[in-house]
Amino acid sequence: MIDDIYNRRILELAAEIPRIGRLEAPDATATAHSKLCGSTVTIDLAFDGETVTDFAHEVRACALGQASSSVMARTVVGRTAQELREVRETMRAMLKDNGPAPDGVWEDLKVLEPVRDYKARHASTLLTFDAVVDALDQIEKKRAA
């Protein structure tokens with residue numbers, strides 16, 4: 001198990017997480033927590049109505065949660081709400097339904113494919129995606145009101 005899911009690239013991503021901290025005036029903040037392992041990711045998101053303009057996060061997670069958060073932080077700025085919802089669904093399908101890994105700008109997430117064999121690790125791997133979609137939902141709800 002250790003060699004499969006805690007490979008060198010995952011550990012490199014986990015060791016170098018960009019955008020750590022908090023935004024001064026985010027459009028939304030969301031926290032996702034895994035009851036199983038205790039991992040928590042809190043994200044701040046700035047969104048201009050079309051794309052993410054800024055992002056910051058606090059990551060208190062295992063190496064898998066850290067690695068997925070690292071990829072998110074490297075890639076999220078400039079992405080649309082639709083892209084972010086799609087990458088979350090692609091990650092869910094990859095882990096839970098043996099679907100393909102994300103590609104394009106998200107192809108670094110392929111390194112997390114071995115996690116599909118370890119259901120207890122799915123939640124921590126998906127935390128950053130769940131938090132981002134929660135924040136997008138909050139923003140859309142505010143704008144609709």
For Ser124, which residues count as a side-chain hydrogen bond (donor to acceptor under 3.5 Å, both in side chains) partner, sequence neighbours excluded?
-> none

Residues at least two apart in sequence or cross-chain that pass side chain to side chain contact (heavy atoms under 4.5 Å, CB included) with Lys119, listed by chain then number, are His122

What residues, two or more places apart in sequence or in another chain, satisfy side chain to side chain contact (heavy atoms under 4.5 Å, CB included) together with Glu50?
-> Asp48

Any side-chain hydrogen bond (donor to acceptor under 3.5 Å, both in side chains) pairs touching residues 97-109, not counting sequence neighbours?
-> Asn98-Arg116

side-chain hydrogen bond (donor to acceptor under 3.5 Å, both in side chains) filter on Thr31, not counting sequence neighbours, yields Thr42

Does any pair with a residue in residues 43-97 pass ring-ring contact (aromatic ring centres under 6.0 Å, His included), and if so which ones, sequence neighbours excluded?
-> Phe55-His57

Test side chain to side chain contact (heavy atoms under 4.5 Å, CB included) applied to Ala131 - qualifying residues, sequence neighbours left out = Ala30, Ala32, Ile43

Selection residues 123-145 - residue pairs positive for ring-ring contact (aromatic ring centres under 6.0 Å, His included), sequence neighbours left out = none

For Thr75 and Arg79, does a side-chain donor sit closer than 3.5 Å to a side-chain acceptor?
-> no

Of all residues at least two apart in sequence or in a different chain, which pass the side chain to side chain contact (heavy atoms under 4.5 Å, CB included) check with Asp44?
-> Arg22, Leu23, Pro26, Thr29

How would you list, by chain and number, every residue that makes a side-chain hydrogen bond (donor to acceptor under 3.5 Å, both in side chains) with Arg8, sequence neighbours excluded?
-> Glu12

Locate the shortest heavy-atom distance separating Ser68 from Thr125; write the atom from each residue and the value.
-> OG-O, 2.8 Å

Taking 4.0 angstrom as the limit, do Asp137 and Lys142 come out as a salt bridge?
-> no

Sorted by chain and number, sequence neighbours left out, salt bridge (Lys or Arg N to Asp or Glu O under 4.0 Å) with Asp130 holds for Arg88, Arg92

Quick one: list whatever passes side-chain hydrogen bond (donor to acceptor under 3.5 Å, both in side chains) with Thr80, sequence neighbours left out.
-> Glu83

